[in-house]
Each structure stands twice: as C-alpha cells, then as structure tokens.
There are 2 protein chains.
Amino acid sequence: MINIKKILEEKGVKPSHQRITIMKFMLENKIHPTVEVIYENIIKELPTLSRTTVYNTLKLFELNGLVQPINTGDSELHYDITLDLHAHFKCIECNDIFDIDIVNNDFLDKVKDDGFNILDTQIYFRGICPKCKEKK
Amino acid sequence: MINIKKILEEKGVKPSHQRITIMKFMLENKIHPTVEVIYENIIKELPTLSRTTVYNTLKLFELNGLVQPINTGDSELHYDITLDLHAHFKCIECNDIFDIDIVNNDFLDKVKDDGFNILDTQIYFRGICPKCKEKK
DNA sequence: TATAATATTGTAATGATTACATTGTTGATA
DNA sequence: TATCAACAATGTAATCATTACAATATTATA
C-alpha cells in the first residue's frame, strides 16, 4: 500500500485528513476529475468537507507539483495526478478524457532552438475515441 | 486589399457592419485577442457596439470555421484567426502569445493508429520568450 | 411599402472560482 | 496538562467571464 502521508510530506504539504483523502482519491481514480467530482465522491467519507477546501487543496497540490490542471475548454477545470509529459484526448461522445503517450517529442526541439524557454507543455486532442467510433 | 465581405459570405456568414469590422480587426491584428480586447479596440469606430455582439460574432465565426478559440488557462478566452495546425507559446513575462510552427507532426500518427479520430488539436506552451529571456 | 427574417443591443442570470472572516485543529513549549 | 501560536477547514459572500433573454433595429424580399 502506498504511503500517501509520505508523498505529501516529501513535497512540503502537511498531511491533514482532508488532503490525504483527496490525494488518495486522485491516486485511485485516474479520471482527471473536476473539483465537483472530487467533492461529490469524498463527501460520503468526510461529511463536513467544504467545496472551498477542495479548491484550496488542489491549488496547493498544484503549487507543490503534486497535480497539474488540465483545461479542456469546458467550464470546469480538470486535475491530473500524472505529471510526466503526455497528451490528453477528450471524446466528444462519451466525454471521457484519455491519457495519450507521447512516443516522440522531437517537435519540442525546434521550439527550444528558437530560444523559447519551455516551462509547461499541454497537448490536447478532441475527437471520437475508439470505443465510440465502433458504436456508430 | 482583402475582400472581407467575401470571406464571410464564403463561409455562410452574413456580412453585417459589425461582423466585417470584427473580422477586419482579427485579420489586421494577429494578436490572439480576447473579447474584451476586440471590444475596446472597435468601440471607437462603432460607438454603439455591444459586448454581447462581440461574443455572438466570435461564436458564430467559430461555428463557421473562421476563427478558433484558444484557451491559455487564464480567465478569458482568446481567439485566433490562423486556422492551420500550429502551436501557441505564452510568455509568462510579457504575456504575449506566439504562434509556433509545427514542422513535424508525426506524433499525431500514433494517436490515429490507436483508433482515435482527431477532430481538433491544441498544443500550448508556457514559458519565457527569447526577448524576455535576453532581458534577464 | 409591408412583412418576415435576422442582427444588435442591454440587462439580468448563471456558474465556476476566489476572497475573506470565523471556527477548528494541531503541535510545541512551559 | 494547559496555553498559545500557527495552520487548516469551513461557509458565505463577492467576482467576473460568459450566456440567456427580451426588446429594438436593420435588412432582404415580395
């Protein structure tokens, strides 16, 4: 079993009950959840949980390199626990967000050669996933 | 001189005075403007212009393939008149948004091979641009 | 011109996020 | 163990980009 307390502490985040529960949810459900999704899943377990705490905690996790926000263009922000460079694919049929491996990132070299200092890279696709494609 | 009326008509958009003015601004200022930036620049020329008209017009342009929205993660949506596949780089110092050519898009092949039907691709970098890098 | 269709406008509503003040919890120290 | 300070969690209110909607204006066509 993973030691969530340790994960938080290593990044300088004090492991409160709420923070541990939220991190546990992120690690066990890699579904790029929104604040609302996290809140609704955890409220059963932590009945006093406030939505504000979820907002605060995710902002804190982000600042300390524990999650990354992903902006799919819809109204709510999603959060991703996977941090290494990868792309996202959002299916417009089922609305699921898929992680896509980037096997070849040579395309970044040209940008760096042109003198741009890249701190963050987001690659995002919209379309129809294999499962929904088959259904039609 | 470009015939803006024709550009709109070819995409099935009726060329009203407001629409022509907004399209003209987009074509002459490729700065990935927000609704607010467009509004503030055009209000001098069209004193009765409503912010709602700018919102409506950009949504209409988007639906008819005349502009694409770009989401930089800040609160306002930007719009881009350049439609061919390219990336964006946002400088965290000067806040400018740069267009970045994609010289090699082989990385898309793997995604397609995996059965994903890509309808839209967004590539977005955050970092420090060459000019701001030099200043420091 | 008359009339229908469409476009523009301004105000009000929406909804995600943030600000802020209050309350609760924890941990160190005497 | 009691005290106190630092920090965390909570709930409400504010913010602000965007959208909904109703009223007015404009345009196109018969």
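Just so it is clear: chains get the letters A, B, ... in the order the sequence lines come, proteins before strands, and each one is counted from 1. Remember, predicted model here, so these are calculated numbers, not experimental data.
When heavy atoms are screened at a 4.0 angstrom cut-off, A:Glu36 is found touching no nucleic acid atom at all. Among the atoms of the strands shown, only primed sugar atoms or phosphate atoms (P, OP1, OP2) are found under 4.0 Å from some heavy atom of B:Arg19. Backbone-only contact: B:Thr48 has heavy atoms under 4.0 Å from sugar-phosphate atoms and none from a base. Note on A:Thr53: a base of the nucleic acid sits closer than 4.0 angstrom, heavy atoms only. When heavy atoms are screened at a 4.0 angstrom cut-off, B:Ser75 is found touching the sugar-phosphate backbone but no base atom.
Atom-to-atom, CG of B:Leu60 to P of D:dT18 comes out at 17 Å; the value is rounded to the nearest Å. Taking atom CG of residue A:Asp74 and atom C1' of nucleotide C:dT17, one finds them 15 Å apart after rounding to whole Å. For the pair B:Leu77 CG and D:dT18 C1', the interatomic distance rounds to 10 Å; values are reported in whole Å. Whole-Å rounding puts the B:Glu76 CD to C:dA16 P distance at 19 Å. Rounded to an integer number of Å, the gap from B:Tyr39 OH to D:dA17 C1' is 15 Å. In this structure, B:Ile22 atom CD1 and C:dT8 atom P are separated by 8 Å, rounded to whole Å. Rounding to whole angstrom units, CD of residue B:Glu9 and P of C:dA7 are separated by 13 Å. A straight line from NE2 of B:His17 to C1' of D:dA25 spans 15 Å, rounded to a whole angstrom.
Remark: B:Lys24 engages B:Glu28 in a salt bridge, criterion side-chain N to carboxylate O under 4.0 Å. Taking a cutoff of 4.0 Å between a charged side-chain nitrogen and a carboxylate oxygen, B:Lys30 and B:Asp99 do not qualify as a salt bridge. Comment: A:Glu93 engages A:Lys136 in a salt bridge, judged by a side-chain N to carboxylate O separation of less than 4.0 angstrom. At a threshold of 4.0 Å, the pair B:Asp96-B:Lys131 does not count as salt-bridged, since none of the basic side-chain nitrogens sits closer than that to a carboxylate oxygen.
Residues A:Val35 and A:Asn56 both approach DNA chain C. Their nearest nucleotides, taken by heavy-atom distance, put A:Val35 toward the 5′ side.
Using a 4.0 Å cut-off, no side-chain N or O of A:Ser16 falls inside it from OP1 or OP2 of D:dC7. One finds a side-chain N or O of B:Tyr55 lying less than 4.0 angstrom from the OP1 or OP2 phosphate oxygen of D:dT18. Contact annotation: B:Gln18 reaches the phosphate of C:dT9 (side-chain N/O to OP1 or OP2, under 4.0 Å). For B:Lys59 and D:dT19, the shortest distance from a side-chain N or O to OP1 or OP2 is below 4.0 Å.
If you check C:dA7, D:dA8, D:dG11 against the side chain of B:Lys14, the one that comes closest is C:dA7.
The closest side-chain donor-acceptor pair between A:Asn71 and A:His78, if any, does not fall under 3.5 angstrom.
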